[in-house]
Amino acid sequence: QVELVESGGGLVQAGGSLKLSCAASGRVFSSLAMGWFRQAPGKEREFVAAINRSGGTTNYADSVKGRFTISRDNAKNTVYLQINSLKPEDTAVYYCAADVSGGIWGPITTRTRYGYWGQGTQVTVSS
């Protein structure tokens, strides 16, 4: 069993920045592939960013490339999402997710591959 707890969301003006954190427990963190997803009101949950087990390889949705950075600290059992140049369309609940079987080489971008999810953290961007 893997428990994930996100933090760092909030209300920010367009152009601002936030850093989201997701603390994991219940399993050796370096054995987990990690990802960030988001869900806006009335929309499906969508992929944002993913990182492989070692942290050496990342993948991003086209809509966030160049603005978002995913990273992980395996010693702290935490994955991060640095969000810069925020836009109103980035407003959503952001979820971190963990997969226990893949991500040895490449990140996992498919939502259905992830078996564990956090409770989400709200990011609201005002224009």
F37 ring center near Y114 ring center (under 6.0 Å): yes
Answer with yes or no after comparing the ring centroid distance for W36 and F68 against a 6.0 Å cut-off, counting only values under it. no
Salt bridge (Lys or Arg N to Asp or Glu O under 4.0 Å) partners for E46, two or more places apart: R38
With a 3.5 Å distance limit and no angle check, can you tell me whether T110 reaches the backbone of T112 through a side-chain donor-acceptor pair? no
Is there a donor-acceptor contact under 3.5 Å from the side chain of T78 to the main chain of K76? yes
Please give me the minimum heavy-atom distance between [X] and [Y], naming the atom from each residue.
| X | Y | value |
| --- | --- | --- |
| V48 | V64 | O-CG2, 3.5 Å |
| P88 | A14 | CD-CB, 4.2 Å |
| L20 | Y94 | CD1-CB, 3.6 Å |

Can you check whether [X] reaches [Y] side chain to side chain, under 4.5 Å on heavy atoms?
| X | Y | result |
| --- | --- | --- |
| Y116 | Q1 | yes |
| T57 | W105 | no |
| V79 | F29 | yes |
| L32 | D99 | no |
| N52 | I104 | no |
| M34 | I108 | no |

Membership question, hydrophobic clusters at under 4.5 Å side-chain separation (ILVMFWY): are [Y] and [X] in the same one?
| X | Y | value |
| --- | --- | --- |
| L4 | I83 | yes |
| W117 | L81 | no |
| V125 | Y95 | no |
| V93 | V12 | no |

Could you walk me through whether Q122 and T124 satisfy the side chain to side chain donor-acceptor pair (under 3.5 Å) test, starting with their C-alpha distance in whole Å, then the side-chain angles of each, then the deciding distance to 0.1 Å, before giving a yes or no? CA-CA 6 Å; Q122 176 72 46; T124 303; 3.3 Å; yes
Under the disulfide (SG to SG under 2.5 Å) rule, what pairs show up with a residue in residues 23-93, not counting sequence neighbours? none
Inter- and intrachain pairs under disulfide (SG to SG under 2.5 Å), touching residues 89-127, at least two apart: C22-C96
Filter on side chain to side chain donor-acceptor pair (under 3.5 Å), then keep only pairs touching residues 14-35, sequence neighbours left out; what's left? S17-N84
Would you list the pairs meeting salt bridge (charged side-chain N to carboxylate O under 4.0 Å, His left out) in which at least one residue belongs to residues 63-74, sequence neighbours left out? D62-K65, R67-D90
Separation of E89 CD from S63 OG (nearest 0.5 Å): 9.0 Å
Remaining members of the apolar cluster that contains Y80, side-chain heavy atoms under 4.5 Å: none
